[in-house]
Amino acid sequence: MIDLLKVSQATDIGLVRELNEDSILVGPKDVFVVADGMGGHVAGEIASHIFTATVENKLSSEDTTLDQDGLRYLVIDGNDAIFECTQKNPERSGMGTTATILHLEEKSAFWAHVGDSRLYRLRNGELKQITSDHTYVAELLANGSISAEEAKDHPNKNMLLRAVGVDPVVKVDTGELGLQDGDVFLLCSDGLTNMVTLPAIQATLDKGDCPDKAAALVEQAKAGGGLDNISAIVVEYNEN
């Protein structure tokens, strides 16, 4: 455990949805998870909760490694658990979840990711998206088929190309970052980033006098319309 972390967390149903299909985890061993469920009636809620519960259970094991490979296997374990649930409950077929995981240890940050929830890092006044969205629109944007402006309101904006639990095998993105004094990490569902501009998100993360940055971000998303479930975990690393 790192003694130099300040963590805030918040999740909210938003102003339109009937269920909160997001699930978040501030787990042991400095592991943080945001999962945004998808599927039919209540299935998305089930999928995201199966994922975070699986991760939490695995973290209780003494021999769990938490480098890039370790986090990849956490996601694969979650994928297996959700897929097994759909095999036993055919009415839930097709349910799944995004998964974004961050683990911090001395001088290193490891992450794993599937879907369109996001991990950001704020460092020296620059907010950088660390993960890539696994969506149809992100692919169109990457290959130059559409502009960033067209991507904002594209009709297939939320079409995922990759999710946890939908198929028996899942491809997981992973990475490692160095840690610096003053780094701030944000894990969030798209219910935040679709409602709040990146400059506004950065301004909140930069506020030294904001006691609960995650809650502040969620309230901004609700003020912007709250069209989806909203989840945020903010992790601040300070050596002094």
Side-chain angles (χ1 to χ4, degrees), residues 7-17 20-25 32-38 44 48 51-52 96-102 109 111-123 125-142 146-164 173 175 177 183-207 210 212-236:
V7 181
S8 60
Q9 59 177 308
T11 186
D12 196 281
I13 193 172
L15 302 177
V16 175
R17 298 297 181 91
N20 189 352
E21 296 186 313
D22 288 359
S23 183
I24 63 176
L25 173 67
F32 311 95
V33 182
V34 166
D36 180 355
M38 47 172 255
S48 65
F51 184 80
T52 52
T97 184
T98 69
T100 303
I101 305 180
L102 174 70
W111 58 269
H113 168 72
V114 178
D116 65 351
S117 295
R118 293 177 178 177
L119 171 65
Y120 289 93
R121 182 191 65 196
L122 177 64
R123 173 181 287 176
E126 179 187 1
L127 183 65
K128 180 180 180 181
Q129 182 178 336
I130 302 301
T131 53
S132 298
D133 296 346
H134 300 137
T135 63
Y136 175 66
V137 167
E139 190 170 272
L140 291 178
L141 192 58
I146 61 173
S147 67
E149 194 62 33
E150 290 171 321
K152 289 180 182 178
D153 299 310
H154 196 282
N156 294 320
K157 184 176 182 178
N158 297 320
M159 183 186 295
L160 288 176
L161 299 180
R162 210 190 297 180
V164 177
D173 293 352
L177 303 166
D183 281 350
V184 180
F185 294 92
L186 168 66
L187 299 88
C188 62
S189 61
D190 65 347
L192 174 65
T193 50
N194 286 338
M195 295 287 103
V196 186
T197 66
L198 291 183
I201 289 173
Q202 178 168 338
T204 299
L205 296 178
D206 244 340
K207 283 184 179 177
C210 182
D212 192 333
K213 294 178 180 178
L217 289 169
V218 167
E219 288 307 309
Q220 287 175 46
K222 291 171 72 174
L227 300 180
D228 199 355
N229 307 143
I230 313 150
S231 294
I233 301 174
V234 178
V235 184
E236 303 174 70

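All residue numbers refer to positions in the sequence shown, counting from 1.
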Between Ala232 and Leu186, the two heavy atoms sitting closest are CB-CD1, 4.0 Å

For Gly225 and Leu15, work out which heavy atoms get closest and say how close.
-> O-CD1, 3.7 Å

Might you point out which heavy atoms bring Cys188 and Val34 nearest each other, and give the distance in Å?
-> C-CG1, 3.9 Å

Could you give the distance from CG (Leu161) to OG1 (Thr135), rounded to the nearest 0.5 Å?
-> 6.5 Å

To the nearest 0.5 Å, tell me how far Phe185 CZ sits from Phe32 CZ.
-> 10.0 Å

Are any of the side-chain heavy atoms of Asp173 and His134 separated by less than 4.5 Å?
-> yes

How far does OG1 of Thr97 sit from CE of Met38, to the nearest 0.5 angstrom?
-> 8.5 Å

Under 3.5 Å: donor-acceptor pair, side chain of Gln202, backbone of Gly125 = yes

Do the charged groups of Arg17 and Asp228 touch, with an N to O distance under 4.0 Å?
-> yes

Leu102 versus Ala109, closest heavy-atom pair with distance = CD1-CB, 4.1 Å

In this structure, which one of Asp22, Asp116, Asn229, Asn194 forms a side chain to side chain donor-acceptor pair (under 3.5 Å) with Ser189?
-> Asp22

Check: Glu21 main-chain N/O paired with Ser48 side-chain donor or acceptor under 3.5 Å | yes

Taking atom CD of Glu219 and atom OG1 of Thr204, what is their separation to the nearest 0.5 Å?
-> 11.5 Å

Would you indicate whether the side-chain heavy atoms of Tyr120 and Leu205 approach each other to under 4.5 Å?
-> no

Between the main-chain N or O of Leu119 and the side-chain N or O of Thr131, is there a donor-acceptor pair closer than 3.5 Å?
-> yes

Mind checking side-chain contact (heavy atoms from CB on, under 4.5 Å) for Glu236 and listing every partner two or more places apart, or none if nothing turns up?
-> Lys6, Val184, Lys213, Val234, Asn238

Would you say His113 and Ile130 make side-chain contact, with heavy atoms under 4.5 Å?
-> no

Scanning both residues in full, the closest heavy-atom pair of Ser23 with Thr52 reads OG-OG1, 2.8 Å

Check: Thr98 side chain, Asp36 main-chain N or O, donor-acceptor pair, under 3.5 Å = yes

Under 3.5 Å: donor-acceptor pair, side chain of Ser8, backbone of Ala214 | yes

Could you tell me whether the side chain of Lys222 reaches within less than 4.5 Å of the side chain of Asp12, counting heavy atoms only?
-> yes

Which atom pair, heavy atoms only, marks the closest approach of Ile201 to Leu217?
-> CA-CD2, 4.0 Å

Partner set under side chain to side chain donor-acceptor pair (under 3.5 Å) for Glu139, not counting sequence neighbours | none

With a 4.5 Å heavy-atom cut-off, do Val7 and Ile233 have their side chains touching?
-> yes

